[in-house]
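Here the structure comes first, spelled out in structure tokens, and everything after it is commentary.
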Amino acid sequence: MAFAEHTPEVAPGQTQENITFRAIILGIATILLTTWYYTYYAGDLVKSYFPVAVLIPFVGWVFINAFLKSYVPRFALTRTDMLTILGMTWIAGNLPAVGWALHSVSLIPSPEFYASPENRLQDTAIPFMPKWLFLDAGNPIVREIYTGLHPDESIPWDMWIQAFSAWLIGILAAVMAGCFGSVLFFKQWHEKERLVFPMSQFPTALLEETPGERLPAVFKDRYFWTGFALVVGIIGWNILGYFALSLPRITLFDGYETKAVSLGRDYSPLYLRVQPLIIGLAYLGPLDILFSFWAYNLINIFKTGLINRTGFSVGIEGQVATGGEIAMLESHGALTFLVLWSVWVARGHLKETVLKALSPNREKDDGAPITYRTAWLGLCISATIMIGWFMSVGISLVIALVYMTLMFICYFGISKYAATTGFTFLTPAGGKGLDIILSLSGTKNLNPSGITMLTLINRNTFLGEAMRTTALPAIPHILRMMGDHLKRHWKICLFIPIAYVVGYFSAVGVKVYRCYTEGGLNGQLVDWPIN
């Protein structure tokens, strides 16, 4: 089913809806509740830019609000309240469990815990790690996160809060840089390039109501219920199979590894997984871009396989780039070109934002939701904090600037093409940038502290993996959902950091609590997460 594009306008004489502190409090409560639930019971629902972990509580609020409208209308939530709750939940959507907290809580004490003469961590990595970012597993109370607490002991919350607060300085600076950057590019993407923002259209469709009705209008659409029945029917059938073992399983939606088609030795498999969420969202995307995703992926599989089969390589002896690395560099080059082209296309708009930021007349400044002056100032401050944080952990100024540029390419590309296509999984070649640095220049220009910390930053603890970073791709969609009449509502840029900080510490807190009470080695923590 295709959802019509909807931009809420304020009619003459109509009161503009505001973001209320009630909605922010309810958003915080939703984050806390869902963090606990997904950490204990449903950790696999947090693995995309628009995770099911966000949709489930939002749909729950839709029904709760329908009840409130019917029986206690004075407590009913407005459309903006609902979108505020959704936006806050979305910002923190993949922080619990395997999305981020599992790997991050595993990393903080693991260097000391897993160090051994065989892996030589004490010689090659630990001396170059800032002590204020990690915990010493030689301390018995820290070590017990793996084995569990004794009955008379309590969790050393202060030690964990201190370590994760140190990481949060750099991480939150990156999130706010994404927020301010989204404000600067939003008008260009929305009004001039007319991006579809597919991930924002399903939630707004759930809030469209027929006058006099309490439930969303989409609930009376037979196409909606047909699609819903097909998906839920298959899932429900498989759930019954847990209890009636004789029922054959319908494998249509199973993991991608079960849908692999082997193309021969040295060729990557072709995965034919069916994912209803991506099908529904990508339906709204441009056909030419969707076709290019499919076509170039197929070409890349055969090209890489042919390189592997023939033994073709690039580079000097002992430092050759084989098929996978060649394809990675080529793909990253294409991504870099697309990002630079996107910035070049937006040059007129960016010039306009600078002129409006410098102008004393702020009435014509159409920044959303804050002024362009605030956005540019916030972006510069956030970038400065990030560079300072990188340097404080042992990365040189030049490498910090290079790495931050590569991170910009990574997250700008993810955010724009998620807003263009509706794909909830986009893994940029080269990740956050370390693979590109190592492939093009090696380690000769990196000091030991720099290569050690870049390796860790490139993985999960700093903003999660590139494929699972919910916050940055969500921000442009949140601006789109809120609509044009909220252009001057600064609380949008208030609830974004609030939601991230609450989700950050609640995801850590619930995970730490579970590990100390159940024993992290009982499947609650992963091994040294750097391999």
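Of all heavy-atom pairs spanning Ile436 and Gly430, the tightest one is CD1-CA, 4.0 Å. In plain terms, the two heavy atoms of Leu102 and Leu525 that are nearest each other are CD1-CA, 3.9 Å. Across all non-hydrogen atoms, the minimal contact from Lys69 to Leu77 is CE-O, 4.3 Å. The heavy-atom pair separating Ile155 from Tyr513 by the smallest distance is CD1-CD1, 3.6 Å. In terms of heavy atoms, Pro198 sits closest to Ala418 at CD-O, 4.0 Å. Leu32 and Ser506 get closest at one heavy-atom pair: CD2-CB, 3.6 Å.
For the atom pair CD1 (Ile171) and CG (Leu463), the distance works out to 6.0 Å, reported to the nearest 0.5 Å. Between the CG atom of Leu206 and the CG atom of Asn65 there is a distance of 12.0 Å, given to the nearest 0.5 Å. One finds the CD1 atom of Ile24 at 6.5 Å from the CD1 atom of Ile19 (value rounded to the nearest 0.5 Å). How far CG of Leu298 is from CZ of Phe302: 5.5 Å, rounded to the nearest 0.5 Å. Taking CG of Leu245 as the reference point, atom CG of Leu240 lies at 11.5 Å (rounded to 0.5 Å). With rounding to the nearest 0.5 angstrom, the CD1 atom of Ile28 is 4.5 Å from the CE atom of Met88.
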(Q) side chain to side chain contact (heavy atoms under 4.5 Å, CB included) for Val52 and Lys47? Distances and angles first, verdict last. (A) CA-CA 8 Å; Val52 178; Lys47 294 182 178 180; over 6 Å; no

Q.
Using side chain to side chain contact (heavy atoms under 4.5 Å, CB included), reason through Gln201 and Arg480 one step at a time and then give a plain yes or no.
A. CA-CA 9 Å; Gln201 296 201 34; Arg480 179 68 185 87; over 6 Å; no

Q: Output, in order, the C-alpha distance, side-chain angles, deciding distance and verdict of side chain to side chain contact (heavy atoms under 4.5 Å, CB included) for Val62 and Met82.
A: CA-CA 8 Å; Val62 169; Met82 295 289 290; 3.9 Å; yes

Q) So Ile91 and Ile478, side chain to side chain contact (heavy atoms under 4.5 Å, CB included) or not? Walk me through it. A) CA-CA 9 Å; Ile91 290 294; Ile478 292 172; 3.8 Å; yes

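Using a distance-only test at 3.5 Å, with no hydrogens or angles considered, a donor-acceptor pair links the side chain of Arg514 to the main chain of Thr39. Judged by distance alone, the side chain of Lys432 and the main-chain N or O of Leu406 form no donor-acceptor pair under 3.5 Å. Not a single donor-acceptor pair under 3.5 Å links the side chain of Glu325 to the backbone N or O of Asp435. Side-chain N or O atoms of Tyr38 include one that pairs as donor or acceptor with a backbone N or O of Ala53 at under 3.5 Å. In this structure a side-chain-to-backbone donor-acceptor pair under 3.5 Å is present from Trp167 to Leu133. Panel note: side chain Thr304, backbone Gly324; no donor-acceptor pair is recorded below 3.5 Å. Checking side-chain atoms of Trp90 against main-chain N and O of Tyr49 turns up a donor-acceptor pair under 3.5 Å. Checking side-chain atoms of Lys511 against main-chain N and O of Gln524 turns up a donor-acceptor pair under 3.5 Å. Thr34 contributes a side-chain N or O that, together with a main-chain N or O of Ile31, makes up a donor-acceptor pair within less than 3.5 Å. A donor-acceptor distance shorter than 3.5 angstrom exists from the side chain of Asn119 to the backbone of Ser116, with no hydrogens or angles considered.
In this structure, Trp160 and Phe164 have parallel ring planes: the angle between them is below the 30° cut-off, well short of the 60° mark. Taking the six-membered ring where the residue is Trp, Phe219 and Trp225 present tilted rings, their angle falling between 30° and 60°. Classification of the Phe293-Phe423 ring pair by plane angle, with boundaries at 30° and 60°, yields parallel. Between Phe228 and Phe224, the ring planes lie parallel to each other; the angle is under 30°, not in the 30° to 60° tilted range. Between Phe197 and His477, the ring-plane angle classifies as perpendicular under the 30° and 60° cut-offs.
Between Pro428 and Ile414, the closest side-chain pair of non-hydrogen atoms falls below 4.5 Å. You'll find the side chain of Ile457 stays beyond 4.5 Å of the side chain of Thr461, heavy atoms only. Looking only at side-chain heavy atoms (C-beta outward), Val510 and Tyr40 come within less than 4.5 Å of each other. Counting only heavy atoms from C-beta outward, the side chains of Phe462 and Leu454 never approach each other to under 4.5 Å. The closest side-chain heavy-atom distance from Arg79 to Met482 is not below 4.5 Å. By the 4.5 Å heavy-atom criterion applied to side chains, Pro216 and Glu208 are not counted as neighbours. With a 4.5 Å cut-off on side-chain heavy atoms, Tyr37 and Leu33 do not count as touching. Residues Cys515 and Val512 form no side-chain contact, since every pair of their non-hydrogen atoms from C-beta on lies 4.5 Å or further apart.
Using a 4.0 Å cut-off between a side-chain N of Lys or Arg and a carboxylate O of Asp or Glu, Asp136 and Arg143 do not qualify as a salt bridge. Glu209 and Lys220 are not joined by a salt bridge, as no carboxylate oxygen comes within less than 4.0 angstrom of a charged side-chain nitrogen. The pair Asp81-Arg22 meets the salt-bridge criterion, since a charged nitrogen lies less than 4.0 angstrom from a carboxylate oxygen.
The neighbour count for Leu287 CG, taken as heavy atoms of other residues, nucleotides or ligands under 6.0 Å away, does not exceed 12.
Judged by distance alone, the side chains of Asn458 and Thr455 never bring a donor and an acceptor atom under 3.5 Å apart. Using modelled atom types, one finds a donor on one side chain and an acceptor on the other under 3.5 Å when comparing Thr251 with Lys259. For the residue pair Thr30 and Trp61, a side-chain donor N or O sits within less than 3.5 Å of a side-chain acceptor on the partner.
When ring centroids are compared, Trp189 and Phe186 stay outside the 6.0 Å threshold. The aromatic ring centroids of Tyr71 and Phe67 lie less than 6.0 Å from each other.
Pairs of residues two or more places apart, or lying in two chains, that qualify as side-chain hydrogen bond (donor to acceptor under 3.5 Å, both in side chains) and include a residue from residues 261-277 are Asp266-Arg309.
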